[in-house]
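Input: a single structure, listed below in structure tokens.
Starting from 1, each residue takes its place in the sequence as its number.
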Amino acid sequence: MSEFGGRTGSTTRDFYRFVVGLEGGLFDDKFSWDISYNYGDVSENQVSSGQVNVINFRDALAVRSEVGDENGNGIAGEAICIDPEARANGCAPANIFGAGSMSQDAVNYIQAQGTYQTGITQQVVQANLSGSLFELPAGSVGIAVGAEYRKESSFSDNDALTNAGLNAGNVLPDTSGSFDVKEAYGEIRVPVLADTPFFEILEVGAAARVSDYSTVGTTFSWNVTGTWAPVDDLRFRATYAKAVRAPNVGELFSGLSQTFPSGLTDPCEGIGATGGGALGDNCRADPGVAANIAANGTFTLNQSDIQGISGFNGGNPDLQEETATSFTAGVILNPRSFDALRNLTITADYYDIEVEDVISGFPRQFSLDQCYGQGNATFCDLITRRPTATAVNSAGSIDLINSLSVNASVLKTSGVDVTATWFTGLGLLDNDRLSLRGAYTHILEYDFFSLPGGDADRADGEVGTSKDRFTANLAYGTGDFRMSFTGTFIGSAYIDDQFDGSRVYEIPAEFYLDMQTTFFAGDTYEFYLGVDNLLDNDAPNILSGVTGNVTGSDTAADVYDVFGRRYYAGVRLNF
């Protein structure tokens, strides 16, 4: 197929945003207020080449004419399209035998350009009021209240061939939709004690937000917080919160998009005419499986059956919000009492989060196991088997396993976040400053439950959720310039084990180093230049044939840098 060239693509993306607002003070500036309107729009256009029109390719298949075409035209022995109707519509015959044997006319007739347009628009109207409500012996009682109206809309349009899966790719639908939400919130902070032995600070606070979505209706979230500083150098804090996340446009309104999952195991394979317990009975209840067993003695699959499983992913307009319960507790250490350490701040926080009604599609292997192993008819409805044998597929083999978005899953995660910052002057240049900052995250638990009370799919330590991640920044500068280096360490990780517990394919740890220099030309101009991935590290290779690699490529581009070293420069203007 070299006549069609490589599969290439180009993307043009436009983004603009503007904000207009007013702000001011009330009651001798004890309160401050602001009101604003925010409008943002992102549009993207993609054009791809190297694809083929499947229908035209079929029509272009050729034979040698014996006496010319049906109208007596043409030359005996000349290549003509097999289909008379295609010939009448201007088909160009294609010689598919031999590299470079296809004529340019055939290439022009068969090739297909792919197009994709997408856009997102957001509008926000917001008003806020904050300030001191009244005084207590320990300080001011602070409050903040506000209201917001937000509207979001988005769309994605593929060309007609892509919609139908007729450009040698999967069926991909168009999606469009919108929602709006009206919200109001309130926060309060109450100082209980201050400047007393063992209670330099003791504060409590609370916040609440009510939201009215055009899609899921009314939601409510809230939190309570507490802060205690027994001495100036040490502070403890804790928060307990209930939060919600409403479904987005894609989760609600996306159509059915085709996929070809890999690594699936049909639980019915090897089942005979008798035995197998409930699993065997559930498998034999399918007519196609029963016919396969009758013909082969046991349910038997060929390579086309194993590799030919397809399915569709899609949204769900009946989705509801996700709900989360979280607890965080931490400590802040700033030893200002010691001159040598007064510029050092260390924070450490423990978090524990549980999200219920998680919006997701059921993993396809999970659906198979639930249908045949557990006899759950809801999951059987997602599976379509071939009732009879075809030219390449066996009777009873799986044709489709669909996965639609639902509110059913549970996510539990916990871990520790630690940050440290320190700065000092070196005296090498006037008013110079050297600063260091490090942030470390360690995941203790990251478990996903497809159904409440079901088995956990353990994800801590897998690609995208490495148990350890560390970011450090070193910066030096004055009022005229600033140079910084940022290093990111991503701990080693395993390929998704998909419930089987086998973590044998390990991805090594990765480290990326970025650099940026900024020059300040007074208060008006600021010039900057930088290098990302300064060491030019490649993304780790994740073989697509490895069980559990569901990225569709040979790495995980959402986790690792796939571009290598790259440079940028820019200017910021204040006016």
Side-chain angles (χ1 to χ4, degrees), residues 130 138-139 141-144 146 183 185-194 198-211 219-246 321-335 344-359 409-422 437-449 452 456 458-462 464-473 488-491:
S130 62
V141 175
I143 64 164
E183 296 185 306
Y185 77 89
E187 302 178 16
I188 187 169
R189 177 182 57 83
V190 180
V192 180
L193 294 172
F198 300 107
F199 290 98
E200 290 296 323
I201 296 175
L202 180 62
E203 293 179 350
V204 295
R209 178 180 291 261
V210 60
S211 307
T219 67
F220 186 70
S221 57
W222 56 270
N223 70 53
V224 292
T225 64
T227 302
W228 171 47
V231 293
D232 284 337
D233 298 353
L234 185 64
R235 182 176 300 190
F236 298 94
R237 60 187 178 188
T239 300
Y240 183 82
K242 293 281 189 177
V244 299
R245 186 188 77 86
E321 70 276 10
E322 299 176 341
T323 59
T325 303
S326 63
F327 171 75
T328 63
V331 58
I332 305 171
L333 177 63
N334 178 208
L344 172 67
T345 302
I346 300 173
T347 69
D349 291 279
Y350 166 80
Y351 64 86
D352 187 302
I353 304 169
E354 179 175 348
V355 186
E356 298 178 319
D357 297 324
V358 173
I359 298 171
S409 305
V410 176
L411 173 65
K412 295 182 179 180
T413 183
S414 61
V416 177
D417 292 327
V418 180
T419 64
T421 61
W422 175 78
R437 183 183 188 278
Y440 169 71
T441 295
H442 177 72
I443 296 177
L444 298 171
E445 172 192 37
Y446 200 103
D447 291 341
F448 186 83
F449 302 83
R458 177 187 169 195
D460 56 291
E462 294 181 352
T465 49
S466 297
K467 292 183 74 71
D468 298 291
R469 185 182 181 98
F470 184 79
T471 300
N473 177 269
T488 302
F489 171 85
I490 303 173

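- L411 and V358 make their closest contact through N-CG2, 3.9 Å (heavy atoms, listed as atom of the first residue, atom of the second, distance).
- Exactly one residue among T325, T225, T328, N223 makes a side-chain contact (heavy atoms from CB on, under 4.5 Å) with Y240. That residue is T325.
- Considering only heavy atoms from C-beta on, R469 comes within 4.5 Å of T488 through its side chain.
- Residues passing the side chain to side chain contact (heavy atoms under 4.5 Å, CB included) test with A208, sequence neighbours excluded: F220, W222.
- With contacts defined as side-chain heavy-atom distances shorter than 4.5 Å, the pair V204/V224 does not qualify.
- For the pair Y185/S221, no side-chain contact is recorded, criterion being any heavy-atom separation below 4.5 Å from C-beta on.
- How far CG of D232 is from CD1 of I201: 7.5 Å, rounded to the nearest 0.5 Å.
- A heavy-atom distance below 4.5 Å is found between the side chains of K412 and F449.
- Heavy-atom contacts from other residues, nucleotides or ligands closer than 6.0 Å to CZ of R237 number more than 12.
- Distance check: T219 OG1 to R245 CZ gives 12.0 Å after rounding to the nearest 0.5 Å.
- Annotation for E187 and A207: closest pair CG-CB, 3.5 Å, computed over non-hydrogen atoms.
- Two residues are said to be in side-chain contact when any heavy atoms from C-beta on lie closer than 4.5 Å; E321 and D357 fail this criterion.
- Among I353, V355, T413, the single residue meeting the side-chain contact (heavy atoms from CB on, under 4.5 Å) criterion with S326 is I353.
- Contact check for T323 versus K242: no side-chain heavy atoms found under the 4.5 Å cut-off.
- Using modelled atom types and a 3.5 Å distance limit, the side chains of Y351 and D349 yield no donor-acceptor pair.
- Looking at P191 and V141, their side chains come closer than 4.5 Å, going by heavy atoms from C-beta outward.
- The residues K467 and D460 are annotated as salt-bridged, a charged nitrogen and a carboxylate oxygen being separated by less than 4.0 angstrom.
- For the pair Y350/L444, a side-chain contact is recorded, criterion being any heavy-atom separation below 4.5 Å from C-beta on.
- With respect to the salt-bridge test (charged N to carboxylate O, under 4.0 angstrom), the residues E203 and R189 qualify.
- The two residues G491 and S466 come nearest to each other via the heavy atoms O-OG, 2.9 Å.
- Here the closest non-hydrogen pair linking F470 and A472 is CE2-CB, 3.5 Å.
- Here the straight-line distance linking atom CG of D233 with atom CG of L344 works out to 10.5 Å at 0.5 Å rounding.
- E322 places a side-chain N or O within donor-acceptor distance of the main-chain N or O of I359, the cut-off being under 3.5 Å.
- By the 30° and 60° cut-offs, the orientation of the rings of F236 relative to W228 is parallel.
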